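Each remark here refers to the structure printed beneath this line.
Since we're looking at a predicted model, the values are computed, not measured. Only heavy atoms go into these numbers, but all of them, side chains included; no hydrogens, no water, no symmetry mates.
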Amino acid sequence: MKRCFRTLLFLPLLIMLTSCGYQVPLEDTTIVFVLGIDLDEDNNLIFYESSPVFSKEAKAQTDIYETKAETIRDSRKFFDAVTGGEVSGAKIQILLLGKRVVEHEDWFPILDTMYRNSNFSINTRVVVVDGQVSDVIKYEPESNAFLAMYLKNVIDKNHKRTRTEKGTLQQLHTEFFDKGVTPALANVKKGKKVEIIGTALLNDRGKYVDFLDLSESTLYLFLKHNRKHQISYTTITIPTEREEGIFHKNDLSFEVKTVKSKVKTSHDKDRFKFDVKVSMSIVILESLLSVDMQTHEKEIKKKIEERLKTGYEELFKKIQGHKVDPFGFGIYARAYQYDDFKKVEDNWGEALAEADINVSVEVDIKGMGTVNETSK
């Protein structure tokens, strides 16, 4: 009885406390779904905001605003002045960064308020735009979906299918300040549609240095994130001795069931050494090879391993040439060769460029498909 009395006594007080906070009605709020940052021809910062319109009578689904400002917070003065409601950045799904922005060093402090202000979501996808941000933020998907939902779905789907890095605000922050890895972000371009073109690579100062195309991104994600779901690998070409016609192009596609990778590190003669082993089980989905798959399984297995090994060697050469480490080899060096890593941690990109990276690939073909061979 006393417990019920106490509950009834404190209930009105709790209701009063919860209602004392400052709350803005939805109809008086402008919810920002996409935030864009770019540079104009004079290197002035340009900020963009895309907000959904919930009115059925509206001709457009989104309102897009643009202003020149010094910082994200500074831009809000303009956006508050021209929008119909109070601007809220709590629901930002996508942060678009123009390539011209990330081609400069030390741009990262621009995002300070997004980390300092708890209203911003750390799961916001950070995307590098190859071209002008305005072209992407003004794009209207044919599906009539909100641009933010469209971009988020495209990025998440392509990340799941190992075609691009997801790159959230939280991940960017971690990789930017960790001396053993450099940031990698989703990379998009506006053609007829807004499409994923791969993964943007940044150095330890946040400067854009290059990008990985879709095939390179797949190899990168295989190694960085051991995928546990099925992955349809893009077609690869396997050289054969037989001369082919216009239809047999020596192409083969397969589905990756599992991927496991191991990295061993050592240090000798002022140089790091990394031994990388990638193991995967696959199922053949398509073959244009003019050989019998069952009879030549061992040969095909060997050729797939050689082709993937060559792909990784070219990829490692590429990142070493740019002195970046999106794989996080420095994390392994710090964990297993701590004293040697501490000597070069402030110049890890240069140390990695001089390192020896050896890779081996082991493929286990679990199936050749369910249809008889079509070649003769």
Side-chain angles (χ1 to χ4, degrees), residues 30-52 60 62-83 87 89 91-115 117 120-121 124-141 146-148 150-152 154-155 164-169 171-173 176 183-203 205-211:
T30 298
I31 302 174
V32 180
F33 275 2
V34 183
L35 175 65
I37 306 176
D38 209 347
L39 289 173
D40 63 15
E41 295 179 353
D42 298 321
N43 284 336
N44 296 307
L45 280 170
I46 307 297
F47 294 88
Y48 301 87
E49 287 191 356
S50 175
S51 304
T62 58
D63 283 335
I64 299 172
Y65 304 98
E66 171 186 347
T67 187
K68 184 188 299 184
E70 300 293 331
T71 67
I72 293 177
R73 291 295 300 177
D74 185 45
S75 70
R76 183 170 176 175
K77 295 185 297 184
F78 170 81
F79 293 133
D80 277 335
V82 297
T83 59
V87 177
K91 300 297 181 180
I92 293 178
Q93 302 293 307
I94 304 292
L95 171 62
L96 299 174
L97 296 175
K99 186 178 177 181
R100 294 189 61 177
V101 174
V102 295
E103 283 179 333
H104 292 265
E105 291 185 353
D106 301 327
W107 58 267
F108 187 75
I110 298 174
L111 309 183
D112 179 81
T113 187
M114 302 189 75
Y115 293 106
N117 189 340
F120 288 98
S121 171
T124 297
R125 308 299 189 264
V126 185
V127 183
V128 174
V129 177
D130 188 349
Q132 296 184 342
V133 170
S134 59
D135 292 337
V136 175
I137 206 165
K138 293 177 182 179
Y139 173 67
E140 298 181 0
F146 289 126
L147 176 63
Y150 171 81
L151 288 175
K152 184 175 181 295
V154 168
I155 292 169
T164 188
E165 183 60 277
K166 183 183 291 186
T168 62
L169 272 175
Q171 180 180 337
L172 174 61
H173 188 276
F176 190 86
L185 299 172
N187 204 179
V188 302
K189 187 175 183 178
K190 172 63 171 65
K192 292 182 178 180
K193 296 182 178 180
V194 175
E195 58 184 353
I196 296 288
I197 61 172
T199 301
L201 300 179
L202 311 180
N203 65 14
R205 303 297 294 273
K207 183 179 180 180
Y208 177 95
V209 295
D210 205 343
F211 83 103

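- Using modelled atom types, no side-chain atom of D42 and backbone atom of N44 make a donor-acceptor pair closer than 3.5 Å.
- A side-chain contact (heavy atoms from CB on, under 4.5 Å) with L96 is found for exactly one of V101, L35, L151, V194, namely L151.
- Side-chain contact between R76 and E49 is absent, with no heavy-atom pair separated by less than 4.5 Å.
- Sparse packing is recorded around NZ of K207, with 12 or fewer heavy atoms of other residues, nucleotides or ligands lying under 6.0 Å away.
- Taking both residues in full, the closest heavy atoms of E165 and T199 are given as N-OG1, 3.3 Å, listed atom of the first, atom of the second, then distance.
- In this structure the side chain of L111 reaches within 4.5 angstrom of the side chain of L95, judged on heavy atoms.
- Atom CD of E103 is surrounded by more than 12 heavy atoms from other residues, nucleotides or ligands within 6.0 Å.
- When ring centroids are compared, Y150 and Y139 come within the 6.0 Å threshold.
- In this structure, the side chains of E66 and I137 stay at 4.5 Å or more apart for every pair of heavy atoms.
- Contact check for L39 versus L45: side-chain heavy atoms found under the 4.5 Å cut-off.
- Pairing each heavy atom of K192 with each of K190, the nearest pair is O-NZ, 3.9 Å.
- For the pairing with F108, the side-chain contact (heavy atoms from CB on, under 4.5 Å) check across L172, V102, L202 returns one residue only, L172.
- Residues V133 and I46 form no side-chain contact, since every pair of their non-hydrogen atoms from C-beta on lies 4.5 Å or further apart.
- With sequence neighbours left out, the side-chain contact (heavy atoms from CB on, under 4.5 Å) criterion links D130 to K99, N187, K189, I197.
- Side-chain contact between L97 and W107 is present, with at least one heavy-atom pair separated by less than 4.5 Å.
- When all heavy atoms of T164 and I155 are compared, the pair lying nearest together is CG2-O, 4.0 Å.
- Taking both residues in full, the closest heavy atoms of F33 and A148 are given as CB-CB, 3.5 Å, listed atom of the first, atom of the second, then distance.
- Side-chain contact between R125 and K166 is present, with at least one heavy-atom pair separated by less than 4.5 Å.
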